[in-house]
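Quantities reported herein were computed from a predicted structural model and do not represent experimental measurements. Remember, it's 1-based here, ligands and their atoms both numbered in the order they're listed.
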Amino acid sequence: MNVSEQEQDIVIVGGGICGLATALALRRKGIKSMVLERSETLRAAGVGIIMQPNGWRALDQLGVAAKLRQTCTEIPSGVFISVAEGKYRESELPLGKGELRCLKRMELMKALTEELPVESVYLGCRAVSIVLDPLTSNPLLQLHDGTLIKAKIVIGCDGVNSIISKFVGVNSPKLFSRCATRGFTYYEGAHSFGDKFRFYSSNDVTLGQLPVTDKLVYWFLTRVLTSQDLSDAKKDPTYITKASLEAIKGFPEEIVELVKNTEPKALYLTELRYRAPWDLVHAKFRKGTVVVAGDAMHAMCPFISQGGGASLEDAVVLARCLSEKLKQAKEGGGNRLVEEALDEYVRERRMRVFWLSLQTYFMGLAQDNTSKVKKALGIAGLILVFGDQRSHTDYDCGRL
Ligand SMILES: Cc1cc2nc3c(=O)[nH]c(=O)nc-3n(C[C@H](O)[C@H](O)[C@H](O)COP(=O)(O)OP(=O)(O)OC[C@H]3O[C@@H](n4cnc5c(N)ncnc54)[C@H](O)[C@@H]3O)c2cc1C
């Protein structure tokens, strides 16, 4: 795609879940935007994504929930299974009040993209730098091919290693001590896992398994990160399968089979990076008319499965705040009103993403068996600060 030197009103950097959802939310409010995605195709790395009631509320506002519900089974209940020395103890796994489903990431990306004009998403366009024009204070965005885009507003949805976050002044993400493997397993006939969310926990390993449809099962596994996981080995599917099978020795046979039957192309090993919760309290998420959303703002580990849901909430809130002020800006007061809108968005999102990140952080510590102190801190934090550990799913981002 050839992007000539040009002026644009709103440029969204990153065509992941957050970038596409933000473009769609703006479109629903009658506002045009341009999405720049560095990959040549829309990527959906990570196969599945758990969507909780708060995420579904945001998808309802974006007008794509009904279509997505047809692609995946509703999960009404959960079971927690503790694994120790070949013995399994089951108890109830409390889920939030409302809808829980596991989506194919690709279906989510497709549903968002289908509602956008084709000409608004530019693939193969990598933003390499951004500055504020000393004369107009508007952002100037440089692309990998030398193209310069003069934008009125830039929204950084460029993920955990965001260059836009760096520009606005958010601290770099940190590497967590655990890693995650995710996989999809297809069954020719219907699988026998039923419609429950099963969560297995042994000394050092957790494994979650959820149905997507009656023929497709999603699973994720977290374990301690090793130096091999950080090397090129992680690109080799045989390594990922071997390391996963090693981690789940002693787990029930059907889980071992589930992992063995995962096709290599539906298998991902990811190191986990996060923005420290305490950094989110004071971070500047806006500079001039440049702002961040999604993982670029609040990357968190996946222990409460909320990064994607929170990114959809960001999209709804940001579009709502911007549309109010852009209407007034037409009568004058341009940049000042935009900055006010972006500040309103940041105010509305800051504490929501702080609490999600803090709960995720404690959850990660509680799973850490390499340090008794960290584990105790994680458990204490969860009990003392988050009495009801599912209340994060009650959040409603409001109407678009
Ligand atoms: C193991 C794991 C499991 C998870 N499970 C869940 C879950 O079950 N439920 C849930 O809600 N969340 C989950 N998450 C979190 C969720 O995946 C993220 O929060 C979500 O994908 C964030 O979306 P995003 O659009 O902000 O970032 P991304 O999905 O990372 O998208 C960023 C996009 O920006 C593009 N980009 C980057 N730099 C540039 C550039 N310079 N120029 C142009 N384009 C650029 C990238 O190519 C990418 O397409 C999980 C995360 C992990 C790691």
I'd like to know if [X] pairs up with [Y] as an ion pair, taking the criterion as any Lys NZ or Arg NE/NH1/NH2 lying under 4.0 Å from an Asp or Glu carboxylate oxygen.
X	Y	value
Glu107	Arg105	no
Lys235	Asp232	yes
Arg27	Glu115	no
Arg178	Asp368	no
Glu348	Arg320	yes
Lys67	Glu114	yes
Arg38	Asp158	no
Lys87	Glu85	no

Among all protein heavy atoms, pick out the one at the shortest distance from [atom]; state its residue, atom name and that distance to 0.1 Å.
atom	result
atom 34 (O) of ligand 1	Gly14 CA, 3.2 Å
atom 28 (P) of ligand 1	Gly159 CA, 4.3 Å
atom 36 (N) of ligand 1	Arg38 NE, 3.7 Å
atom 31 (O) of ligand 1	Gly16 CA, 3.5 Å
atom 32 (C) of ligand 1	Cys157 O, 3.5 Å
atom 8 (O) of ligand 1	Ile50 N, 2.8 Å
atom 11 (O) of ligand 1	Gly308 N, 2.9 Å
atom 26 (O) of ligand 1	Asp295 N, 2.9 Å

task: Within a distance under 4.0 Å of any heavy atom of Gly294, pick out the atoms of ligand 1 and give their elements.
output: 26 (O)
Numbering as shown, the atoms of ligand 1 that approach Ala180 to under 4.0 Å (heavy-atom distance): 1 (C)
message: If you apply the rule side-chain contact (heavy atoms from CB on, under 4.5 Å), what do you find for Arg286 with Tyr345, and how did you get there?
response: CA-CA 10 Å; Arg286 171 186 77 78; Tyr345 151 77; over 6 Å; no
query: Which is closest to atom 38 (N) of ligand 1 by heavy-atom distance: Ile17, Asp158, Leu143?
result: Asp158
- prompt: Which of these, Arg182, Glu37, Arg126, has its nearest heavy atom closest to atom 1 (C) of ligand 1?
  reply: Arg182
task: Examine ligand 1 and decide if any of its atoms is less than 4.0 Å from a heavy atom belonging to Gly55.
output: no
query: Does ligand 1 have any atom sitting under 4.0 Å from a heavy atom of Met300?
result: no
Using a heavy-atom cut-off of under 4.0 Å, does the side chain or the backbone of [X] touch ligand 1, or both, or neither?
X	answer
Cys125	backbone
Arg105	side chain
Ser39	side chain
Leu42	neither
Ser305	both
Cys102	neither
Leu36	backbone

Does [X] reach ligand 1 with a nitrogen or oxygen that is under 3.5 Å from one of the ligand's nitrogen or oxygen atoms?
X	result
Gly48	no
Cys18	yes
Leu272	no
Gly309	yes
Ala127	yes

task: Keeping the roles fixed (side chain from Arg28, backbone from Ala23), state whether a donor-acceptor pair exists under 3.5 Å.
output: no
- prompt: Within the side chain of Arg349, is there an N or O that forms a donor-acceptor pair under 3.5 Å with the backbone of Ala310?
  reply: yes
task: Run the numbers on Arg336 and Glu339 for salt bridge (Lys or Arg N to Asp or Glu O under 4.0 Å), then give the verdict.
output: CA-CA 5 Å; Arg336 183 183 53 81; Glu339 289 176 9; over 6 Å; no
- prompt: Distance only, no hydrogens: is a donor on one side chain within 3.5 Å (strictly under) of an acceptor on the other, for Asn335 and Asn138?
  reply: yes
task: Kindly write out the residues that satisfy ring-ring contact (aromatic ring centres under 6.0 Å, His included) with Phe285, not counting sequence neighbours, or none if the list is empty.
output: none
- prompt: Quick one: are the ring centres of Trp219 and Tyr200 less than 6.0 Å apart?
  reply: no
